[in-house]
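Throughout, a chain's letter reflects where its sequence line sits, starting with A, and its residues are numbered from 1.
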Amino acid sequence: MIPAIRGTHDILPGEVERWQRVEAVSRRLFERYGYAEVRTPIIEREELFAKGTGETTDIVQKEMYAFTDKGGERITLRPEATPSLVRAFVEHSLEQAMASPKIYLFGPMFRYERPQKGRYRQFHQLDVEVFGVSDPAVDAEVVDLAWALVGELGIANAELVVNSVGCPACRPAFGEALLKALGEDVTRLCGDCQRRAGVNPLRIFDCKVPQDQPIIDGLPHSVDYLCDACRDHFAAVERHLGMYGIPYRVSHRLVRGLDYYTRTTFEILAGNIGAQNAILGGGRYDGLVKQLGGPDRVGIGFAAGIERLVLAMPDGARDDGRRPLFVAAMGEPARESALALLRDLRRAGLEAHMEYEGRSIKSQMKRADRLKAAFALILGDDELAAGVVSVKDMTKGGQARVSRDAVVNHCRALVAGGQE
RNA sequence: GUGGGUAUAGCUCAGUGGCAGAGCGCCGGACUGUGGCUCCGGAAGUCGCGGGUUCGAACCCCGUUACCCACCCCA
């Protein structure tokens, strides 16, 4: 056997229905909020993420599936969606081509990480982005959309966390304030935190080591170091969220791992899905479009992990509700006739199955039962001679003979009746 | 990259040195043209892989791989 690649998974019948539900619910919702779908390639230039996601991030430093192709280009499988969507926005001048540049994407992402619950090497995200609107009302609208998505999927125990990480004007001062407040205490933090202090001090807030918490609790908060413009913006976002009645918590410890975030950041956490409990995360990235060579346009969006949404969704009924028809045949002449009937049923828009190998009528009926067939259409020598089909109601047990010419319409009526 | 756990039939698992097992599922029969319930029978295994100890290893030892969980990171 040749097994699947580590950290990748087949999504099989029984589970795929949950994925289809996520897709259907989110597409419907995104379109209600005015978004249009965009599909971008899975491979991109490595440079796009080095510049976009950020050279200092773990994603770029050690998690990308990057390689040199036969033409000598540095290529990578995309580790996240936002830089690709920014690239598409710039490359196709979407701000002029679209009446309103609000786009969404659904697809696989790749990161070379150690797999665990809710974390895979090929995983799937749905991602939305809005370009060119700096008004805080849009921040709140995007958060509202995220919250609505989680709600429509029936995910209970979800928690919305919001923060502001400032902008290039005020964030450096906050970083310095952090390091100054830490002072000598840096040496008493865990090894990871000491490393973070050098690379990205804000990430110290992510630490879960119990011994570090007293020190971290004493550190300054980013919201207290915002410039006037960022402070006003965040206050307006909070006002809108309050107006929408969305329950949220402001956490100064919400610092996201991607370099491009500015001002508003948010996450939705789910309970009971393991340690990887962030099912959705996003924020504003006002400098990214320009950073990637486009016009100076702001942006905001979020990404949700489909695997994690599916984990967090309540267990639906396992029954998919399909009640097909089953054609059973006895003898070679009847089999020929049954094949034609099978095709006619399908042409008429009905789901129909048949046992292709010449098994006993008993095992054919067994198969019909397993398929949860609503009706079995039985064809034997008797039926053939009389020009009829025996139609057995698998639920009630009754059986009636219907003429071959009328049986397709008869079945269509039966199935339509059963769906009421 | 680090740590812990696990690996036996399609699935879930029992078996701790002496014949490879159960439940569910699958196939067939009881019922020769009728499913579900019941009963009977059957098929199905590289006991993850490699080495070692032993008269004898699914079981003990060493190594290795994969999976799961956690750290890290993040959706």
Side-chain angles (χ1 to χ4, degrees), chain A residues 1 3-9 12 14 22 53 56-63 78-82 106-128 146 149-150 190-193 195-196 199-200 203 206-209 254-258 266-270 273-282 301-312 326 328-331 334 355 357 359-384 390-399:
Chain A
M1 188 196 49
I5 299 292
R6 178 169 206 195
T8 71
H9 290 278
L12 303 174
V22 171
T53 309
T56 69
T57 60
D58 280 19
I59 291 173
V60 169
Q61 284 191 353
K62 49 192 191 194
E63 295 174 4
R78 64 183 180 197
E80 61 148 339
T82 302
F106 179 102
M109 307 292 155
F110 303 85
R111 294 182 199 171
Y112 190 85
E113 297 183 272
R114 192 83 170 259
Q116 73 182 75
K117 186 170 189 173
R119 190 178 73 185
Y120 311 100
R121 288 185 174 178
Q122 175 176 338
F123 62 103
H124 299 77
Q125 288 188 335
L126 45 90
D127 191 282
V128 311
L149 173 64
V150 169
C190 67
D192 284 322
C193 281
R195 182 176 52 77
R196 291 179 182 122
V199 182
N200 187 350
R203 295 209 60 81
D206 263 352
C207 183
K208 293 165 195 147
V209 176
L254 172 62
V255 283
R256 301 187 44 73
L258 279 56
F266 61 98
E267 257 180 24
I268 295 178
L269 309 174
I273 66 166
Q276 307 299 319
N277 63 345
I279 55 178
L280 181 153
F302 67 77
I306 314 287
E307 283 83 355
R308 294 183 187 177
L309 291 175
V310 165
L311 269 175
F326 190 90
M330 282 164 291
E355 179 70 57
E357 322 230 329
R359 292 175 183 276
S360 69
I361 181 68
K362 183 186 179 68
S363 70
Q364 292 187 60
M365 294 304 289
K366 228 171 187 167
R367 176 93 53 206
D369 189 56
R370 251 186 89 194
L371 287 162
K372 293 189 163 68
F375 297 92
L377 310 188
I378 301 162
L379 270 168
D381 293 340
D382 296 351
E383 285 84 357
L384 223 50
S390 292
V391 178
K392 174 164 181 172
D393 185 326
M394 296 295 285
T395 314
K396 295 176 185 158
Q399 188 166 321

Using purine N1 to pyrimidine N3 plus N6-O4 or O6-N4 for Watson-Crick, or N1-O2 and O6-N3 for G-U wobble, each under 3.5 Å, what pairs with [N]?
N: G50(B); result: C62(B)
N: C26(B); result: G42(B)
N: C37(B); result: none

With a 3.5 Å cut-off and heavy atoms only, can you find an N or O donor on one side and an acceptor on the other between the side chain of [X] and the base of [N]?
X: Lys392(A); N: G35(B); result: yes
X: Glu267(A); N: C74(B); result: no
X: Arg308(A); N: C74(B); result: yes
X: Asp369(A); N: G35(B); result: yes

When you compare the protein's N or O atoms with those of nucleotides 31-33 of chain B, which come within less than 3.5 Å of each other, and at what distance?
from   : atom 1 : to        : atom 2 : distance (Å)
G33(B) : O6     : Asp382(A) : N      : 3.1
G33(B) : O6     : Asp382(A) : OD1    : 3.2
G33(B) : O6     : Asp382(A) : OD2    : 2.8
G33(B) : N1     : Glu383(A) : OE1    : 2.8
G33(B) : N1     : Glu383(A) : OE2    : 3.2
G33(B) : N2     : Glu383(A) : OE2    : 2.5

[X] [atom1] to [N] [atom2], straight-line distance once rounded to whole Å:
X: Arg367(A); N: G28(B); atom1: CZ; atom2: C1'; value: 13 Å
X: Lys117(A); N: A75(B); atom1: NZ; atom2: P; value: 20 Å
X: Glu355(A); N: C27(B); atom1: CD; atom2: P; value: 8 Å
X: Asp58(A); N: A75(B); atom1: CG; atom2: P; value: 12 Å

Which part of the nucleic acid, if any, lies within reach of [X] when heavy atoms closer than 4.0 Å are counted: base, sugar-phosphate only, or nothing?
X: Ala368(A); answer: nothing
X: Tyr120(A); answer: base
X: Ser363(A); answer: sugar-phosphate
X: Gly7(A); answer: sugar-phosphate
X: Gly118(A); answer: base

Return no unless some side-chain N or O of Arg203(A) is found under 4.0 Å from OP1 or OP2 of C72(B).
no
Backbone N/O of Glu113(A) and side chain of Arg121(A): donor-acceptor pair under 3.5 Å:
yes
So which nucleotide from G35(B), C67(B), A75(B) ends up closest to the side chain of Ala278(A)?
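Of all the options, the side chain of Ala278(A) is nearest to A75(B).
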Listed pairs, N/O of protein and of nucleotides 2-8 of chain B, under 3.5 Å:
from  : atom 1 : to        : atom 2 : distance (Å)
U2(B) : O4     : Arg114(A) : NH1    : 2.4

